[in-house]
2 protein chains.
Amino acid sequence: MLKKRIGKAAPARSPSPEVVDIGGLKRILGFSLRRAQLSMYKDYGRFMDRLDLRPAQYSVLLLVRENPGLSQSTISQILGIQRANFVSLLDELESRGWVERRSSEKDRRSFALHLTKKGQAFMKQANVAHSELEASLTQRLGEQDTRSLLRLLNQFADEASVE
Amino acid sequence: MLKKRIGKAAPARSPSPEVVDIGGLKRILGFSLRRAQLSMYKDYGRFMDRLDLRPAQYSVLLLVRENPGLSQSTISQILGIQRANFVSLLDELESRGWVERRSSEKDRRSFALHLTKKGQAFMKQANVAHSELEASLTQRLGEQDTRSLLRLLNQFADEASVE
DNA sequence: TATTGTTATACTCTATAACTATA
DNA sequence: TATAGTTATAGAGTATAACAATA
């Protein structure tokens, strides 16, 4: 017998999940954001799991491809990742042969990050899978509302009182 | 000397953060959702940290207040939390004297969850702080766009291909 | 057999302090 | 002094398997 709480009398009702009022939660931005993210993440898995590539890893590869030469600090700052936590993330991308840390001549403390040939080839694959994912997500609300959602999300983040 | 990577020559440029192209990322729903959530969470801290109450805990208290008698499984399912992980979360709310596990008569496997008097009193406090938080968040986009954002987020989650 | 609550466990993500090499 | 990358560590969050009690 693991359950050993006080045995007060239960009330008359015990609502089934369909009757539960979660309306209040849906009016809370934090809850709605998390809900959307959870449901997005399921689709992410369906399209990206076979690449064994987590969202943060994909973001790094994208950023490095579009901005070769960036430092680890710059990238981790853009992505909202502590630079300490960014090290092992990058280690994995490097050990898989996709990213290269080139020692910079101007500032010998930092590395300039670049995609390898292999990394560029992999990104072509990854982009195909990711396009399928985005198409699937866009289908939910349609082109126009999806664009609105994106605009509002980024506007919301840009307007943060504390940057 | 900790840094011991291959010393290929660095390229001529090393863009400063202001010049970096993150436009591509902003068009990705997953990235934009995370960005919004990160910026939201900072405000959450400013208003809710003094209550020492994490978002999930507040959600549980809200749900229980609005739907007294719910079981642990039902609540954890609504919130997208594994029922195994819900145990310790609820243990803390119970040990702080805010929630009660009442043994149910109809199904003696489950507990009916209720707020205590103390829990109800605490929620009055918490709601004040949370209202201030929501007001601050709403200020970012204004009433109308915030409502649009909420609607789109929930619609997006509701439309999930895999429920 | 199936479900509820529980324990144990492992893995990811996140946050912080302290260290080195360099600026 | 300050910054870039690193290490170590601790705390959350999350996922899974297995168990006792009960359905």
Side-chain angles (χ1 to χ4, degrees), chain A residues 1-5 7 10 14 16-17 30 33-34 37-38 41-42 44-45 49 52-60 69-94 99-113, chain B residues 1-5 7 10 14 16-17 30 34 37-38 41-42 44-45 48-49 52-60 69-94 99-113:
Chain A
M1 181 57 161
L2 294 171
K3 297 182 282 177
K4 49 191 160 3
R5 265 88 187 183
S14 173
S16 59
L33 279 169
R34 177 164 189 277
Q37 208 177 28
L38 276 182
Y41 199 74
K42 287 191 179 169
Y44 183 93
D49 268 1
D52 192 21
L53 194 70
R54 276 154 292 150
Q57 298 175 313
Y58 181 70
S59 299
V60 171
L70 287 188
S71 69
Q72 297 182 199
S73 289
T74 301
I75 290 187
S76 53
Q77 190 196 325
I78 290 172
L79 297 180
I81 299 173
Q82 304 294 324
R83 70 190 196 285
N85 297 327
F86 189 71
V87 175
S88 63
L89 195 165
L90 193 57
D91 283 346
E92 195 181 331
L93 296 181
E94 200 180 26
V99 173
E100 218 175 35
R101 287 187 242 227
R102 298 192 194 160
S103 54
S104 166
E105 290 173 344
K106 345 181 89 162
D107 187 340
R108 288 164 54 216
R109 292 173 302 181
S110 74
F111 292 115
L113 302 183
Chain B
M1 181 59 161
L2 294 171
K3 295 182 284 177
K4 47 188 162 9
R5 265 90 189 184
S14 173
S16 59
R34 178 165 188 275
Q37 207 177 28
L38 275 181
Y41 199 74
K42 286 191 180 170
Y44 184 93
M48 302 292 282
D49 268 1
D52 192 22
L53 195 70
R54 276 156 292 150
Q57 297 175 313
Y58 181 68
S59 299
V60 171
L70 288 188
S71 70
Q72 296 182 199
S73 289
T74 301
I75 290 186
S76 54
Q77 190 197 326
I78 291 171
L79 297 180
I81 300 173
Q82 305 295 323
R83 68 189 197 284
N85 296 327
F86 189 71
V87 175
S88 62
L89 195 165
L90 193 58
D91 282 347
E92 195 181 330
L93 295 181
E94 199 179 28
V99 173
E100 219 175 35
R101 288 189 241 227
R102 298 191 194 161
S103 55
S104 167
E105 290 174 344
K106 344 181 90 162
D107 187 341
R108 288 163 56 213
R109 292 173 303 182
S110 73
F111 292 114
L113 302 183

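Below, chain A is the first sequence line, B the second, and so on; all start at residue 1.
- Closest heavy-atom contact between B/V87 and B/R101: O-NH2, 4.1 Å.
- Atom CG of residue A/D52 and atom CD of residue A/Q57 lie 7.0 Å apart, to the nearest 0.5 angstrom.
- Judged by distance alone, with hydrogens and angles left aside, A/N85 brings a side-chain donor or acceptor within reach of the base of C/dA15, the pair sitting under 3.5 Å.
- Spacing between atom CZ of B/R108 and atom P of D/dT22 amounts to 5 Å, rounded to whole angstrom units.
- Between B/L79 atom CG and D/dT14 atom C1' the separation is 14 Å, expressed in whole Å.
- Residue A/D107 contributes atom CG, which lies 6 Å from atom P of C/dA23 at whole-angstrom precision.
- Atom CZ of B/R83 is separated from atom P of D/dT14 by 16 Å (rounded to the nearest Å).
- Listed here is the closest heavy atom pair of B/A56 and B/I81: CB-CD1, 4.4 Å.
- Residues A/G80 and B/S71 both approach DNA chain C. Their nearest nucleotides, taken by heavy-atom distance, put B/S71 toward the 5′ side.
- Atom pair B/R101:CZ and C/dT4:P shows a separation of 15 Å (rounding to whole Å applied).
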Listing time: all N or O pairs from protein to nucleotides 11-13 of chain C that are below 3.5 Å?
residue: C/dC13; atom: OP2; partner: A/R54; partner atom: NH1; Å: 2.7

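- Checked against D/dT7, C/dG5, D/dA17, the side chain of A/A84 finds its nearest nucleotide in D/dT7.
- At distances below 3.5 Å, at least one donor-acceptor pair connects side-chain atoms of A/R34 with backbone N or O atoms of B/L79.
- Nearest heavy atom pair, residue B/R54 against residue B/Y44, reads C-OH, 3.1 Å.
- Contact record, A/S104 with A/K106: OG-N, 3.3 Å, taken as the closest heavy-atom pair.
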Polar-atom pairs under 3.5 Å, protein N or O versus N or O of nucleotides 1-3 of chain C: list them with distances, or write none.
residue: C/dT3; atom: O4'; partner: B/R109; partner atom: NH1; Å: 3.3
residue: C/dT3; atom: O2; partner: B/R109; partner atom: NH1; Å: 2.7

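- Where the helix from C/dT1-D/dA23 to C/dA23-D/dT1 starts and where it ends, the local axes point in directions that differ by 0°; five pairs per end, rounded to 10°.
- Here D/dG13 presents its P atom at 13 Å from CZ of B/F86, a figure rounded to the nearest Å.
- Contact detail for A/Y41 and A/P55: the closest heavy-atom pair is CE1-CG, 3.8 Å.
- Note that CD of B/Q77 is 13.5 Å distant from CD of B/Q72, once rounded to the nearest 0.5 Å.
- The interatomic distance linking A/Q72 (CD) with D/dG5 (P) rounds to 5 Å, in whole Å.
- Atoms CG and CG, on A/L93 and A/L53 in that order, are 7.5 Å from each other to the nearest 0.5 Å.
- Nearest heavy atom pair, residue A/S110 against residue A/S71, reads CB-CB, 4.4 Å.
- Using a 4.5 Å heavy-atom threshold, the side chains of B/L113 and B/V60 count as separate.
- Atom CD of B/Q82 and atom P of C/dA8 are 18 Å apart (whole Å).
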